[in-house]
Amino acid sequence: METKILILEDYKKSGVISAADAEKIKIAADIIRNGGLAALPTETVYGLGGNALMKEASKKIYAAKGRPSDNPLIVHISDISELESIVKEIPEKAALLAEYFWPGPMTMIFKKADIVPYETTGGLDTVAVRFPSHPVAMMIIREAGVPVAAPSANISGRPSTTSGEHCIEDISGRVDAIVDGGSSDIGLESTIIDITGDTPQLLRPGAVTKEMLENVLGVSVTEDIALKGPLAEGERPKAPGMKYRHYAPKAPMILVTAHSKEDVCGISKKILELIKTKEAENKKTALLCSEECLNEIKNDLDRLAESIDIKITGSRDDVKGIAHGLFEYLREFDSDGIDYIVAEGYSEEELGQAVMNRLKKAAAWQLIYV
Ligand code: AMP
Ligand code: MG
């Protein structure tokens, strides 16, 4: 299949959608309305969009991603009034969260209305809904005139795509169009919260943090088992997608973190020790760490080997910056021909919970606490 690459030149330069950009957005919206697929930028990661009300479109999404069909898609809307038509009921808690966090990086689970096909919800009676805040995503959904099912626009099993280039790398030739609107602001997938039961439950952490949700709801939010550790035989997370080995680079990765969030020194010592061991085994090692951690061990690393592939996530104080670049680094490790990755862990407070969730999954829960 030939994929139309629709680069929003003006939006990428100025953040303003020009008439020329709007023409390209219209092409993508027409494709989606008519049952085709178009990748689109959102503030979290890129989405692979199709008409959520057409079962054939959802089937195409699974095929394009190589995604197991029991892993449901998130349905995106561009106006709160669209919600009523795709869900059975809007619980009070959901209305409250929508008021605070929509449009934005938060997905909620609802009982689905009959018009949403089971192909879109992976066979479930519930549907995940999000109202994104990205102006391009909003315009595409509005112009399409239908709710848009859009999982992350990556090949299943790879890190989510956060730029037009990543989408081209993964899904060019598999979709009708890719809309390139520059780099995703947040860089991590949306927070998923289930408010269908008595107690609100966090299914996936994201930029709308557990603390933020609790502040608005005024009650505590529990966490799904998938967030607590590797799943045992037979254990099923509430978000089916959380059971898959996601975000994982090809090389095995180990995550070094600290009980005390200030212990950069302890983390760096352990990282250095691990790298020394791997170097002695002649393994090509990569390091994913903060400026602060690198400063602690830079001299030793220089003496040890020149070949270590070091990627700096930024400062430990800038969790947003770390989140923003994370998937790009994980992708680069795949192209660098690396045998082993050592990564630094961060505090799990607020946005740190989402960052650590993705890192733990990338490391297949291989964690060392110092
Ligand atoms: P992605 O679109 O790739 O970010 O993945 C969507 C995530 O939402 C996956 O982990 C899905 O399992 C989860 N999800 C979608 N629909 C539902 C639902 N109805 N109930 C629970 N989780 C869902
Ligand atoms: Mg995904």
K.L.:
Please check if any side-chain donor atom of Thr277 sits under 3.5 Å from a side-chain acceptor atom of Glu281, or the reverse.
P.N.:
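The criterion, which ignores hydrogens and geometry beyond distance, is not satisfied for Glu281 and Thr277.
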K.L.:
Is Arg358 salt-bridged to Glu189, cutoff N-O under 4.0 Å?
P.N.:
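Salt bridge: yes.
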K.L.:
For the pair Lys59 and Glu56, find out whether any cationic side-chain nitrogen is under 4.0 Å from an anionic carboxylate oxygen.
P.N.:
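Salt bridge: yes.
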K.L.:
Side chains of Asn154 and Arg158: donor-acceptor distance under 3.5 Å anywhere?
P.N.:
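Side chains of Asn154 and Arg158: no pair found under 3.5 Å.
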K.L.:
Could you tell me whether the side chains of Lys210 and Gln353 share a donor-acceptor contact shorter than 3.5 Å?
P.N.:
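Side-chain D/A pair, Lys210 to Gln353: absent.
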K.L.:
Would you call Arg204 and Glu223 a salt bridge, using N to O less than 4.0 angstrom?
P.N.:
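Glu223 and Arg204: not salt-bridged.
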K.L.:
Please tell me whether Leu255 and Leu351 are part of a single hydrophobic cluster in this structure, the criterion being side-chain heavy atoms less than 4.5 Å apart.
P.N.:
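Yes, because Leu255 and Leu351 connect within a single hydrophobic cluster, where side-chain heavy atoms sit under 4.5 Å apart.
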K.L.:
Looking at every heavy atom in both Ser220 and Thr199, which two are closest together, and how far apart are they?
P.N.:
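Taking every non-hydrogen atom into account, O-CG2, 4.2 Å.
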K.L.:
Is it possible for you to check whether Lys278 lies under 6.0 Å from the centre of the six-membered ring of Tyr340, through NZ or CZ, and within 45° of that ring's axis?
P.N.:
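Because its charged atom sits under 6.0 Å from the ring centre and within 45° of the axis, Lys278 does stack over Tyr340.
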K.L.:
Between Asn357 and Pro205, is there a donor-acceptor pair closer than 3.5 Å when you use the side chain of the first and the backbone of the second?
P.N.:
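Not confirmed, Asn357 side chain does not pair with Pro205 backbone.
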K.L.:
Check Lys284 with Asp309, please: is the shortest side-chain N to carboxylate O separation under 4.0 Å?
P.N.:
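No, Asp309 and Lys284 are not salt-bridged.
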K.L.:
Quick one: CG on Leu37 to OG on Ser58, what's the gap to the nearest 0.5 Å?
P.N.:
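So the gap between those two atoms works out to 9.0 Å.
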K.L.:
Are Leu326 and Leu288 packed together at the side-chain level, in the sense that at least one heavy-atom pair is separated by less than 4.5 angstrom?
P.N.:
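The answer is yes; the side chains approach within 4.5 Å.
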K.L.:
Is there a salt bridge (Lys or Arg N to Asp or Glu O under 4.0 Å) between Arg130 and Glu43? Walk through the geometry before answering.
P.N.:
CA-CA 12 Å; Arg130 183 163 96 83; Glu43 71 277 21; 2.7 Å; yes
K.L.:
Tyr346 and Thr313: side-chain donor and acceptor closer than 3.5 Å?
P.N.:
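Result is yes, a qualifying pair exists.
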K.L.:
Between Asp79 and Arg142, does at least one N-O distance fall below 4.0 Å, as a salt bridge requires?
P.N.:
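Salt bridge between Asp79 and Arg142, a charged N being under 4.0 Å from a carboxylate O: no.
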K.L.:
Using the rule given for salt bridge (Lys or Arg N to Asp or Glu O under 4.0 Å), can you reason through Glu169 versus Arg331, listing the C-alpha separation, both sets of side-chain angles and the distance that settles it, and then say yes or no?
P.N.:
CA-CA 10 Å; Glu169 196 177 289; Arg331 269 176 183 270; 2.9 Å; yes
K.L.:
Would you call Lys12-Asp21 a salt bridge at under 4.0 Å N-O?
P.N.:
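Judged by the 4.0 Å cut-off on N to carboxylate O distance, Lys12 and Asp21 do not form a salt bridge.
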K.L.:
To the nearest 0.5 Å, what is the distance between CD1 (Ile27) and CG (Asp176)?
P.N.:
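Output value for this atom pair is 12.0 Å.
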K.L.:
Do Glu344 and Lys270 sit within salt-bridge range, that is, some charged N less than 4.0 Å from a carboxylate O?
P.N.:
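Salt bridge flag = no for Lys270 with Glu344.
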K.L.:
Regarding Lys24 and the six-membered ring of Tyr11, is the cationic atom NZ or CZ under 6.0 Å from the ring centre and inside 45° of its axis?
P.N.:
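No.
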K.L.:
Can you see which heavy atom on Gly47 is nearest to which on Thr42, and at what distance?
P.N.:
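That closest heavy-atom pairing would be N-CG2, 4.3 Å.
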K.L.:
Working note: Lys360 + Glu348, criterion salt bridge (Lys or Arg N to Asp or Glu O under 4.0 Å); need CA distance, chi angles, decisive distance, verdict.
P.N.:
CA-CA 11 Å; Lys360 284 172 184 172; Glu348 299 202 29; 3.0 Å; yes
